[in-house]
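Got a structure here, written out as structure tokens. Questions coming.
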Amino acid sequence: MLFNSFEFAVFFPLVFIAYWFLLNRNLRLQNTFLLVVSYFFYGWWDWRFVFLLILSTLIDYGFGLIIHRSEKHKKLYLWISIVNNLAILGFFKYYNFFAESVQQGLHSMGFEANIFLLSIALPVGISFYTFHGMSYVVDIYYGRSKPITNFVDYAVFVCFFPLLVAGPIERANHLLPQVIKPRQFNLHQGLDGLRFIVWGLFKKVVIADNLAPYVNDVFANYTTVSSFELVMGAIFFAFQIYCDFSGYSDIAIGTAKLLGFELMVNFRSPYFSRDIAEFWRRWHISLSSWFRDYLYIPLGGSKGGKGMAVRNTFIIFLVSGFWHGANWTFIAWGFLNALFFLPLLLGGRHRSNLDVVAENRMLPTGKELLQMVLTFLLVSVAWIFFRAATIGHAFDYIGSMFTNDFMPESLSRFKLWLPPVLVAWIIAEWAGRRTSVPETLGTIPYATARRLVYFALLMLVGFYGAFQKTEFIYFQF
Amino acid sequence: MKQFIRIFFIGLVLFIIAYVGTIACLAIVVSGNYVPNIKPLTARYGHMLSRLREADTVTHADVMIMGSSHAYRGFDTRLFKQYGYRAFNLGSSSQTPLQAQLLLEEYVDRMNPEMVILEVMPTTFANDGTEAAVDILSNHRIDGSMVELTARVFNPIVFNTFVYSAFRRVARPLDKVKESPQRSGDTYVQGGFVATNVTAKPDLTPGPKERIEFRSNQLRAFYGILDKLEQRGTKVLLVYAPVTHVWYNQIENADEIQDFFKTVDAKYGVVTYYDYSRWIEHNEEDYFYDQHHLNQKGVELFNDHFLKHVLQRRDTVK
């Protein structure tokens with residue numbers, strides 16, 4: 001079920017009514033209900049994968065208890081649990097990639113091998129719920145959190161439908177206390193939730209889904225389109241993926257707020273970053289911090305000097321790339337980001353921009369503007385690898401930017417109403433860079449003015465939104 | 001919670017008023033063509049306005065033809081007349097079973113046909129029906145059936161076009177709209193057919209293979225049509241109109257689709273399936289103007305065969 005679908009528009013109000021009006025007095029019933037509707041939400045794509053989700057949940061729930069109770073074999077159980085999680089992920093997501101890579105490797109050496117390939121669909125959100133489970137058992141192992149004895153509560157933590165298929169990747173010590181604590185409806189939280197949903201929907205259907213056909217067209221026909229269009233294709237993909245993914249996250253956060261939950265912030269105006277390090281503190285925060293806490297730091301972080309920091313940085317970027325998908329393009333994307341990060345790390349400047357750009361000013365300085373533009377361009381170059389079908393495609397795309405004719409023959413690919421909307425969106429993002437755009441909207445002083453903004457956003461959704469049932473890009477991960 | 005509900009509903013009502021009001025202003029004051037999700041197609045391609053106007057005046061037809069552009073551009077009512085049949089073509093652009101069912105409900109009792117030709121283009125079964133819905137909404141009077149059509153294909157484009165059309169009728173009633181029988185190579189012919197004088201050769205370069213998945217709501221509507229016609233005792237001729245081999249071969253599950261229509265033929269006592277999909281075997285470029293639309297020469301060849309060997313002989317029709 002997609003957040004931007006008619007089905008969800010029917011599903012969620014029914015869940016909201018039952019959750020607050022019928023089950024309000026009983027936490028156990030509320031949680032059981034949330035679990036059932038989460039399975040229903042997930043099963044809407046393919047009910048068979050609900051069983052995989054239950055299996056994954058059961059394994060981590062069980063190992064959480066075992067690790068906590070065990071005195072001698074904690075580490076062994078932790079590793080069994082991690083191997084289990086990675087085995088599920090590896091089987092469904094990476095088996096074909098490895099099999100094909102081995103086959104191609106052998107072929108290039110003159111050997112022919114017929115390795116069995118699986119023809120199975122990738123379960124939606126598998127990377128997200130597997131990481132949920134892994135963080136839970138690792139936190140128990142390190143004593144950062146205690147196991148939960150009630151399976152339903154734990155299962156709600158893993159399967160809570162707003163975050164089930166594309167995050168944010170929650171932590172046990174943040175979400176579980178909210179699951180086990182009685183929840184009261186809060187007016188401000190509810191209104192905030194609506195604002196997040198409206199803003200997320202606007203970003204998804206008005207911006208991301210309207211940019212998608214242009215981007216798809218340009219990436220498919222990169223040999224024949226003009227350099228200008230190739231540059232715009234790369235920039236628009238940067239906008240598309242941000243609006244698509246952050247739009248999803250905003251709807252997830254808003255939906256959760258309406259049910260009384262606060263989810264992690266996943267994006268903080270990443271394209272207003274002054275360097276790549278800042279970008280990675282603002283982009284897909286729940287995943288970046290997951291890798292920092294569960295991979296970078298256990299690997300030693302930067303404690304072993306520059307050499308170890310560089311090694312670990314490359315490891316987390318490459319793993320992060322591979323997490324996104326079983327394709328060399330994602331690994332190349334991760335590698336490029338690590339490469340862009342390297343000068344900052346070596347120069348000790350990777351933590352120099354911890355504040356918000358133009359914190360107490362309306363506009364950035366010339367230097368800040370230049371830094372933001374440069375960072376955005378670097379990020380956009382890396383996105384070309386992320387979007388391309390193969391690494392060769394990405395290099396050819398970049399090459400064509402310099403060899404194709406500069407100006408397009410016509411602007412027929414381009415939706416002329418889109419640039420003013422993009423400008424308005426960028427202004428709104430800038431205004432909301434300190435907290436978030438939805439929260440900033442909530443601070444507009446007059447109720448009528450606020451309403452006008454919400455109406456304008458919803459009208460843009462209704463009049464300009466693309467409704468071809470496009471899935472969110474991050475569902476494939 | 002009470003306050004939240006109050007704020008939410010007041011906001012919702014105000015928004016609906018503002019939203020509908022904006023569409024009304026667009027409909028009355030300016031054209032809605034600049035808004036991508038409002039698609040007023042009054043008196044545009046396909047001649048739906050002329051067809052529906054004429055349909056309202058027809059009191060009887062021996063043969064009623066339903067389907068997509070392959071129907072209204074593929075069955076020439078003049079040729080039917082030559083063979084002694086009064087035919088009316090109710091096809092419309094991208095018409096899916098959802099729209100065909102509504103049009104059938106509206107006109108079948110009045111026209112009281114002996115048989116219905118239902119052109120079955122597989123892609124229409126996989127289509128959500130938006131294009132066909134806005135075509136009909138833009139050219140039909142706004143009544144209960146249009147409300148039903150909007151509800152059946154509920155999405156912002158259809159809803160907006162419905163509201164737009166309702167207000168547009170006030171500003172400019174449909175009977176004031178003139179539609180020329182000729183438009184960009186097309187000529188509207190009495191009986192609902194649209195003749196084309198396009199003589200361009202089709203591009204027969206194969207495209208990527210695609211699987212066509214029938215939508216469950218389209219299948220329900222399709223069976224609804226057949227049930228209704230079976231109840232009436234009206235013969236149904238399911239026709240897969242001619243398409244080029246290149247186009248046909250792009251469908252990954254073409255055999256499955258053929259089997260489906262054959263099963264329908266076997267299931268219903270009044271239904272006979274005719275597969276003309278690859279009927280034109282040679283010199284396709286002489287008979288098609290694109291990969292799946294016949295030119296006038298192709299229409300004449302196909303209709304001649306269909307009329308002689310199907311309608312005239314009747315022995316193949318159940």
Side-chain angles (χ1 to χ4, degrees), chain A residues 4-7 9-10 12-13 16-17 19-22 24 183-195 197-198 201 205-206 209-210 213 220 257-260 415-418 420-421 442 447-448 450-469, chain B residues 1-27 30-40 94 126-131 133-134 150-164 207-208 211 213 215-217 252:
Chain A
N4 56 329
S5 67
F6 180 67
E7 291 88 346
V10 173
F12 186 66
F16 181 85
I17 291 165
Y19 179 81
W20 287 118
F21 292 97
L22 302 179
N24 192 22
R183 296 173 286 274
Q184 292 289 321
F185 185 81
N186 177 299
L187 174 67
H188 295 291
Q189 193 184 31
L191 293 176
D192 237 13
L194 290 178
R195 276 190 279 270
I197 291 172
V198 170
L201 201 58
V205 302
V206 179
D209 289 352
N210 275 304
K257 277 176 185 284
L258 284 167
L259 296 172
K415 291 171 179 164
L416 293 174
W417 58 266
L418 204 47
V421 175
T448 311
R450 277 201 302 276
R451 277 204 189 115
L452 282 175
V453 174
Y454 306 148
F455 285 6
L457 287 172
L458 286 170
M459 282 199 195
L460 283 169
V461 169
F463 294 156
Y464 292 89
F467 289 92
Q468 296 95 13
K469 286 207 170 183
Chain B
M1 179 60 95
K2 272 183 190 166
Q3 204 182 346
F4 174 79
I5 303 252
R6 194 175 59 83
I7 292 171
F8 177 77
F9 276 104
I10 290 173
L12 186 67
V13 169
L14 287 175
F15 172 69
I16 291 170
I17 293 168
Y19 191 80
V20 171
T22 306
I23 299 177
C25 289
L26 288 170
V30 292
S31 162
N33 290 13
Y34 299 105
V35 178
N37 289 352
I38 300 177
K39 298 207 183 291
S94 282
N127 191 309
D128 71 351
T130 300
E131 187 186 341
V134 296
T150 307
R152 279 183 172 206
V153 194
F154 192 78
N155 68 39
I157 296 174
V158 174
F159 175 78
N160 294 345
T161 307
F162 167 74
V163 177
Y164 180 92
R211 204 180 154 74
E213 300 287 357
R215 287 169 176 256
S216 56
N217 59 344
E252 215 173 85

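On a predicted model such as this, the values are computed, not experimentally measured, just so you know. Residue numbering restarts at 1 for every chain, and letters A, B, ... go by the order of the sequence lines.
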Identify which part of B:Phe154 has an atom lying under 4.5 Å from any heavy atom of chain A, answering side chain, backbone, both or neither.
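Contact with chain A is through the side chain of B:Phe154 alone.
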
Do B:Phe15 and A:Tyr454 make the cut of ring centroids closer than 6.0 angstrom?
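So the answer is no for these two rings.
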
Please round to the nearest 0.5 Å and tell me the distance separating atom CG of B:Asn37 and atom CE of A:Met459.
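CE of A:Met459 is found 13.5 Å from CG of B:Asn37.
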
Nearest heavy-atom pair of B:Ala18 and A:Phe455: which atoms, and what distance?
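Scanning both residues, the minimum pair turns out to be CB-CD2, 4.1 Å.
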
Does any backbone or side-chain atom of A:Leu258 lie under 4.5 Å from a heavy atom of chain B? Answer side chain, backbone, both or neither.
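For A:Leu258, side-chain heavy atoms alone lie under 4.5 Å from chain B.
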
Student check: side-chain heavy atoms of B:Asn155 and A:Phe6 closer than 4.5 Å:
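Not touching, per the 4.5 Å side-chain cut-off.
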
Please report the closest heavy-atom contact between B:Pro156 and A:Gly462, naming both atoms and the distance.
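That closest heavy-atom pairing would be CB-O, 3.8 Å.
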
Report which part of A:Phe463 has an atom under 4.5 Å of a heavy atom belonging to chain B: side chain, backbone, both, or neither.
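Both backbone and side chain.
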
Got a sec: does the CZ of A:Phe21 have more than 12 other heavy atoms crowding it under 6.0 Å?
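Count over threshold, so yes.
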
Measuring from B:Ile16:CD1 to A:Leu458:CG, what's the distance to the nearest 0.5 Å?
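Between atom CD1 of B:Ile16 and atom CG of A:Leu458 there are 10.5 Å.
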
For A:Leu416, which atoms come within 4.5 Å of any heavy atom of chain B: side chain, backbone, both, or neither?
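For A:Leu416, neither part sits under 4.5 Å from chain B.
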
So, do A:Phe467 and B:Ile157 sit near enough that their side-chain heavy atoms are less than 4.5 Å apart?
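They are not in contact (no side-chain heavy atoms under 4.5 Å apart), so the answer is no.
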
Measuring only between side-chain heavy atoms, which start at C-beta, is A:Leu187 closer than 4.5 Å to B:Ile7?
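In short, these two side chains touch, coming nearer than 4.5 Å.
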
Classify the angle between the aromatic ring planes of A:Phe16 and B:Phe4 as parallel (below 30°), tilted (30 to 60°) or perpendicular (above 60°).
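Ring orientation, 0 to 90° scale: tilted.
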
Could you look at B:Leu12 and say if it's the side chain, the backbone, both or neither that has a heavy atom under 4.5 Å from chain A?
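Contact with chain A is absent: no heavy atom of B:Leu12 under 4.5 Å.
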
Looking at NE2 of A:His188 and CD of B:Gln3, how far apart are the two atoms once the value is rounded to the nearest 0.5 Å?
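Nearest 0.5 Å value for the NE2-CD distance: 7.5 Å.
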
Heavy-atom side-chain contact between A:Trp417 and B:Val35 under 4.5 Å
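Side-chain contact under 4.5 Å: no.
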
